[in-house]
Amino acid sequence: MLQKILGIWLFFSLCTTAFAQDSFQIKGIVQHAKDFTPAQGATIIGNNLYAVSSETGAFSINNVREGTYSFTVSHIGCEPITIIVEVEQNMEEVKVFLIESATVLEEVKVNGKTKKREALEVPIITQTVSKEFLEQNRENTLMQTLSKIAGVSTINIGSGQSKPVIRGLGFNRVAMVQNGIKHEAQQWGNDHGLEIDQHGIENIQIIKGPASLLYGSDAIAGVVDIQPNQTPLPNSFGGEVNILGESNNDLLGVSAGVTSRKDKWFYRGRLTYRDYGDYKVPADRINYENYVFELDDNDLRNTAGNEADASLGIGYVTEGFKSETVFSNVNAKNGFFANAHGLEVRTSSIDYDSSNRDVDLPYHKVNHFKITNNTSISAGEHLLHIDLGYQNNNREEHSEPVPHGYMPTPPDTKERLFIKNTYSLNFRDDFNPTDKHDMVVGLNTEYQNNNIGGWGFLIPEYNRFTAGIFAYDQFEINSNFHVLGGLRYDVGRVDTKAYYDWYPSTVNNADGSTSYIHYQRSKDKTLDFGSLSASLGLSYIQDKTSYKINVGRSFRMPLANELASDGVNYHMYRYERGNLDLDPEVSYQLDLSVEHTENSFSVGVSPFVNIFQNYIYLNPTSSYYETIQIYEYTEAEVFRIGGEFNASATITKNLQLDASLEYVYSEQTSGPKEGFTLPFSPPLSGLLSARYQFEKILIFNKPQLIADYRITAAQEEIVPPEEKTDGYQVLNMSFLTEIDVFKNSLPLEMRVKLNNVFDTKYFNHTSFYRLIDVPEAGRNISLSLTIPFQ
Amino acid sequence: MKSTFKNFYFLAIILLIAACSSDDSTEIDEEKPTISVNYTSGFPQGCALLSRGETYNFRAMVTDNSELAAYSIDIHHNFDHHTHDDQVTECDLGEIQSPVNPLIYVENFTIEGSLTSYEINIPVTIPTDIDAGDYHCAYSVTDATGWQSRTSIDIKIVE
């Protein structure tokens, strides 16, 4: 009996053991791939199996039978990951590494609307430029990079500087915004470039149309809005180093940036340095009127330069509150073509050809210091935004002192000095009175203080104050149909200061006597302006097609030089005369946009019609002042029509084709140049792009070959003193790839770009050097390497 | 709703057609005037020598397709060799020198009567007390539209 009992017990106990041997425990740990910190609260879900990771990232699942299991591991802010676990005897601890979701903002997707969808719903016609686009298409300047977008072009001053042009309008008619603050420098100037570091920008929004409602004066033709960078994720650290080399102007550039966040505080910093030599053009000599300038080794004499930029951002983020302060400084020095400064032909004893890297006279240097603060506070239903800005722009133009007219030889090389301080305060309250309404009310204020120096007078000293209040409402009629309407009123005051020549001019009086007078070039004047802006738009989404229509009124306050200048610009051979009676420029525009997207292709068209009530421009008259032609700031009615067309098709999995076309027709319909176009009108231009994605080759991951073929028509529409410009065709090629150098680390990004493959000699109608018949840059090979680190 | 968006297409087409049909109802003048001293009595010719105390008739031919408006004559020193002329000949420049009392002749004139061709003929007396040396003579001319042409000639003023 005992034996029987023992036997049964043994049998059962053995069985139990056998059963116990059949069920195992899975032990594991979840960590962030980036820094191997534990991921607490990650869920590990399998078929009927479930665990949550502890503070140390550890988890365990008991009573699992032998076999193969699949688990999904999820954690907030990370990409969900699926792991396969072989459950067996002596199994090792399972290690799970989580990769962060690309952005914090993507979490917003949970609410059901992507950024893309939001952009479709807003009736304002905008274009978003991503970091990816900027990196793949990076050129020498930010605006050259953006000019690949249909409707955006640039006025280039050599290889290192450029100004934004949107649908043919530039200078002060395009507002450049960074971190919510309007970039304020000497935008009116012909040879002035943009003082913004093009590295470290994550997102740009471009509005190709009047946007005074949102941005105030100067946004009459459009806005290039560099958005604040995204807030880094908690407990993160990352950065990148970018190295760039170019063959055409022997450029060497380095830019390094880091971002870091602990819990609530975050930091980011960036340093950029670029140094380049004279750029090469596909010509041995420049023929300008009857002058001939022989070039040494195709170098456009004295166009070398350098740029050193630094920025530091410090931010604090917590529930319902976020604030970031960014300090930045951009410092650049550029030479101007030595044989002709503006239109003025010069000879010099300077040995320009001894080096292609030195910057001799004439040159300019600029330092732009900026502090911005962006604070958002969520208070109940309201989201309050406060943007504060301070900018100091210090720009000097140096040239060899030469006597002109009655001006004797000046004492030094400092021809012009501009010191401009700009203080900005913007406030807006974003709230939803009902589900259907998204209302924004706000206030923009700005104070500018402009000081001048040097022996060449161009614009007077001035103080300027502007303030505007606005309100707009986006109303959802149904989920596919949205209306946006808004109103704004701005007031402004410009205080110009008197200026007298530092030398006397000879005046022959009527009575036969001669007197010597220090002429007054500008007057002490206080001028007040006021202007209304309005915008009304609809957006409708019908399956794969979206429609937008927008009508708006925008304005621009006259600038101090347009109002009060009165002096000779020797480099342009013109006497510039302001007009104190100018009104704020007013423009009305009707914009349309239709976009259709299928899986394999998309097409879009965005036409516009625009009427300027009083376009202000510098009109060449037929009169002289001391043998210099008089140009007067004049108002004219202007009619403009044009638009852009975009198409994109995915031919095979690996091949994508894109095409775009841009066109603007402008005509002055009143005034002394009735029937003429506007200055710097870009010609009809199209861009064909093909992109082929290869399979992985050796260490090259995602290699891509891109060909961009630009076809630009001749510009026959000109206004004095412009020249007609022939059409051209230029091919650019680039090769992009990621390189897996080390396992488990982020891949390197490499880009080889070949610009102007056939070394084509062509002229860009909107280039600063076009007036003296200087062609665009010749063939250029650039190599860019980006090394990310964590 | 459908019909509204048909109208959008309609509007877009109208815009495109309007954009492509430019009706040049206003005739615009796209031609610059011309200026030349390259004829027998044109003065001064490149590298000309002018004597102090003498009076010279400065003569140049100007033409335009529609209407000449104004011209200017500018004589200034080139003691620092700051620029060169746009004439075919190249002149031997003297030593670089500092101006003491250089000649400055800066005058503008209008051309009346809607002419399309005109000969500039202005007598200029070279004062006896001015610095001798390298000079420039620059002519410029405008038409009624605001187009301008210029030409510049290297000259030398001698004792």
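Lettering of chains follows the sequences in order, A, B, ..., and the numbering in each one begins at 1. These values consider heavy atoms only, across backbone and side chains, with no hydrogens, waters or symmetry-generated copies.
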Undergrad: Hey, does B/Lys32 have a side-chain heavy atom less than 4.5 Å from the side chain of A/Pro721?
TA: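 Answer no - side chains too far apart.
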Undergrad: With a 3.5 Å cut-off and no angle check, do the side chains of A/Tyr624 and B/Ser140 form a donor-acceptor pair?
TA: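 Judged by distance alone, the side chains do pair up.
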Undergrad: Taking all heavy atoms of B/Ile104 and all of A/Tyr406, pick out the closest pair and write down the distance.
TA: CG2-CE2, 4.0 Å
Undergrad: Just wondering, are more than 12 heavy atoms of other shown residues or ligands nearer than 6.0 Å to CD in B/Glu159?
TA: no
Undergrad: Chain B heavy atoms under 4.5 Å from A/Glu400: which part of the residue, side chain, backbone, both or neither?
TA: neither
Undergrad: Name the region of B/Asp74, side chain, backbone, both or neither, that has any atom closer than 4.5 Å to a heavy atom of chain A.
TA: both
Undergrad: When rounded to the nearest 0.5 angstrom, what distance separates CD in B/Glu30 from CD in A/Glu723?
TA: 11.5 Å
Undergrad: Using atom types as modelled and distance alone, determine if a side-chain donor or acceptor of B/Asn108 lies under 3.5 Å from a backbone N or O of A/Thr627.
TA: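 It does hold such a pair.
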Undergrad: Go through the atoms of A/Val719 and report whether side chain, backbone, both or neither lie under 4.5 Å from a heavy atom of chain B.
TA: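 Backbone of A/Val719 only, per the 4.5 Å heavy-atom cut-off to chain B.
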Undergrad: Nearest 0.5 Å, what's the CD-CZ distance between A/Gln629 and B/Arg150?
TA: 9.5 Å
Undergrad: B/Ile96 versus chain A, heavy atoms under 4.5 Å apart: side chain, backbone, both or neither?
TA: neither
Undergrad: Ignoring hydrogens, what is the shortest heavy-atom contact between B/Ala70 and A/Ser622? Give both atom names and the distance.
TA: CB-O, 3.3 Å
Undergrad: Check whether more than 12 heavy atoms from other residues, nucleotides or ligands sit under 6.0 Å from atom CG of A/Asp412, and answer yes or no.
TA: yes
Undergrad: Is it the backbone or the side chain of B/Thr145 that comes under 4.5 Å from a heavy atom of chain A, or both, or neither?
TA: both
Undergrad: For residues B/His77 and A/Pro403, report the shortest heavy-atom separation together with the two atoms involved.
TA: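 In this case the closest contact between B/His77 and A/Pro403 is NE2-CG, 3.7 Å.
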Undergrad: Which region of A/Tyr625, side chain (C-beta onward) or backbone (N, CA, C, O), has a non-hydrogen atom less than 4.5 Å from a non-hydrogen atom of chain B, or is it both or neither?
TA: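 Backbone only.
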